Participant: 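So that we are looking at the same thing, I have put the structure below in structure tokens.
Model, not experiment: these values are computed from the prediction. Throughout, residue positions are numbered sequentially from 1 according to the sequence presented.
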Amino acid sequence: MTLVLIALSTVCAGVPMFSFLALIWWLDRYDREPMPVLLVTFLWGAIGAIVAAMTLSLFAEAGVNLGLAAASIALASDLTGLSGTLLPVLVAPLVEEPSKALILLAIVRSKHFDNMTDGFVYGAAAGLGFGMTENFLYFTSVSGDLDTWLGTVIIRTFYSAVMHATATAIVGAALGWGRFRGDLITLFSGGVGLLIAITIHAVWNGLLTADMLGLHGSWVLDLILLPLEVLITLVVFEICILDESHTIKLELTEEV
């Protein structure tokens with residue numbers, strides 16, 4: 001049964017993410033990114049970002065626990081229970097979003113990274129890679145009946161993983177916007193994008209945590225907010241693609 005679970009988890013974690021990646025690559029119809037570079041970005045999210053995030057999480061968790069222990073002594077009150085809240089709501093977004101976006105800093109100056117459209121695509125690739133590995137770890141750790149496993153697969157595939165892709169795509173788009181506006185503007189716009197990504201991630205985790213802590217039904221807000229965030233991101237992506245098309249036509253007209 002374990003081998004069957006691993007096999008099913010591998011398929012369910014990998015196939016949707018590669019399908020989403022192919023769809024995003026196809027949508028960038030006027031100036032598609034080279035597939036080798038896109039796959040490297042995806043693999044960074046799947047392996048490098050996971051390792052970086054797990055390493056940073058260990059230090060962050062130790063720091064949070066140490067801080068709560070010190071605060072408990074100072075206030076003469078047991079605050080250790082807060083660790084279960086702070087880690088998913090604050091620590092996870094703060095370590096995972098920079099880890100995913102790190103690859104974008106490596107390719108932002110390459111000849112393949114020209115504008116916001118490219119940033120969307122590369123950012124989404126890193127987020128999808130991260131989502132694939134994270135989903136696999138969750139799928140293989142589910143304990144319960146088949147319905148529980150299927151529920152986990154559906155929610156994490158169409159919501160959690162899409163959240164990761166959307167968040168990092170925003171960081172990439174922000175870097176793409178500042179690409180030819182100077183280093184300081186690029187860093188500033190990338191920082192703003194990263195802040196938005198962390199906020200999206202924190203809200204997602206926060207509503208799930210609130211539901212587990214007794215605010216029943218709060219998780220439903222995630223099912224409403226995330227599609228809206230994805231829709232807004234896709235609309236901006238499409239606007240960038242249309243602008244790219246306009247730029248290409250102008251340049252071709254000048255050449256003619």
Side-chain angles (χ1 to χ4, degrees), residues 1-24 35 38-62 64-65 80-81 83-100 102-103 124-168 201-202 204-214 216 218-220 222-223 226 230:
M1 183 61 183
T2 302
L3 291 177
V4 173
L5 176 62
I6 292 175
L8 287 175
S9 297
T10 301
V11 173
C12 290
V15 172
M17 297 304 104
F18 278 108
S19 299
F20 291 157
L21 180 65
L23 175 61
I24 292 170
M35 190 56 69
L38 201 60
L39 288 176
V40 167
T41 307
F42 181 87
L43 289 175
W44 165 260
I47 302 173
I50 290 287
V51 173
M54 291 177 66
T55 303
L56 291 174
S57 292
L58 292 175
F59 289 103
E61 183 176 354
V64 168
N65 290 333
T80 55
S83 177
T85 301
L86 293 177
L87 291 178
V89 178
L90 294 179
V91 174
L94 285 173
V95 301
E96 291 179 7
E97 293 308 324
S99 296
K100 289 185 293 174
L102 194 59
I103 185 67
L128 289 171
F130 191 94
M132 180 184 72
T133 301
E134 190 178 68
N135 280 359
F136 174 77
L137 295 175
Y138 270 92
F139 296 166
T140 54
S141 64
V142 171
S143 59
D145 55 20
L146 181 60
D147 289 341
T148 302
W149 185 83
L150 286 174
T152 302
V153 169
I154 292 172
I155 292 296
R156 291 209 60 84
T157 297
F158 294 101
Y159 284 91
S160 297
V162 171
M163 180 275 294
H164 280 299
T166 301
T168 317
H201 196 157
W204 171 263
N205 285 5
L207 290 173
L208 293 178
T209 302
D211 185 82
M212 292 186 290
L213 292 177
H216 301 299
S218 61
W219 67 275
V220 176
D222 267 338
L223 305 185
L226 184 63
V230 173

Participant: To check you understand the geometry: which heavy-atom pair defines the closest contact between V89 and G206, and what is its length?
Facilitator: CG2-CA, 3.8 Å
Participant: Can any side-chain N or O of S141 pair as donor or acceptor with the backbone N or O of Y138 at less than 3.5 Å?
Facilitator: yes
Participant: Just by modelled atom types, is the D211 backbone N or O under 3.5 Å from a matching donor or acceptor in the S218 side chain?
Facilitator: yes
Participant: Could you state the interatomic distance from CZ (F42) to CG (L128), rounded to the nearest 0.5 Å?
Facilitator: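 Spacing of CZ (F42) from CG (L128) equals 6.5 Å.
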Participant: Let me confirm one number: the CZ-CG distance from F18 to L23, rounded to the nearest 0.5 Å.
Facilitator: 15.0 Å
Participant: At what distance, to the nearest 0.5 angstrom, does CG of N205 lie from CG of D222?
Facilitator: 8.0 Å
Participant: Determine, step by step, whether M163 and V230 satisfy the side-chain contact (heavy atoms from CB on, under 4.5 Å) criterion, reporting the C-alpha distance in whole Å, the side-chain angles of both residues, the deciding distance to 0.1 Å, and the verdict.
Facilitator: CA-CA 8 Å; M163 180 275 294; V230 173; over 6 Å; no
Participant: For F136 and I6, what are the C-alpha separation, side-chain angles and deciding distance, and is it a side-chain contact (heavy atoms from CB on, under 4.5 Å)?
Facilitator: CA-CA 8 Å; F136 174 77; I6 292 175; 4.3 Å; yes
Participant: For P16 and T157, work out which heavy atoms get closest and say how close.
Facilitator: CB-CG2, 3.6 Å
Participant: Calculate, to the nearest 0.5 Å, the distance between atoms CE and CD1 belonging to M132 and I50 respectively.
Facilitator: 9.0 Å
Participant: Nearest 0.5 angstrom please: L5 CG to L146 CG, how far?
Facilitator: 10.0 Å
Participant: Which heavy atom in A60 sits nearest to a heavy atom in V91, and how many Å separate them?
Facilitator: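 Where A60 meets V91 most closely, the heavy atoms are CB-CG1, 3.4 Å.
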Participant: Kindly give the heavy-atom pair with the smallest separation between P98 and P93, and that separation in Å.
Facilitator: CD-O, 3.8 Å
Participant: First locate atom CG of L56, then atom CG of L94, and finally report the distance between them rounded to the nearest 0.5 Å.
Facilitator: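 These two atoms lie 10.5 Å from each other.
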Participant: Does M54 CE have over 12 foreign heavy atoms under 6.0 Å away?
Facilitator: no
Participant: I'd like to know if the side chain of T152 and the backbone of F139 have a donor-acceptor N/O pair within less than 3.5 Å.
Facilitator: no
Participant: With heavy-atom distances below 4.5 Å as the criterion, would you say the side chains of S9 and W149 are in contact?
Facilitator: yes
Participant: Do you know the tightest heavy-atom contact between H164 and G131?
Facilitator: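 Heavy atoms only, the tightest pair is CD2-CA, 4.4 Å.
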Participant: So T55 and V95, do their side chains get closer than 4.5 Å, heavy atoms only?
Facilitator: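 V95 does not reach T55 side chain to side chain.
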Participant: Return yes if some donor-acceptor pair links the side-chain N/O of K100 with the main-chain N/O of F130 below 3.5 Å, else return no.
Facilitator: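 No.
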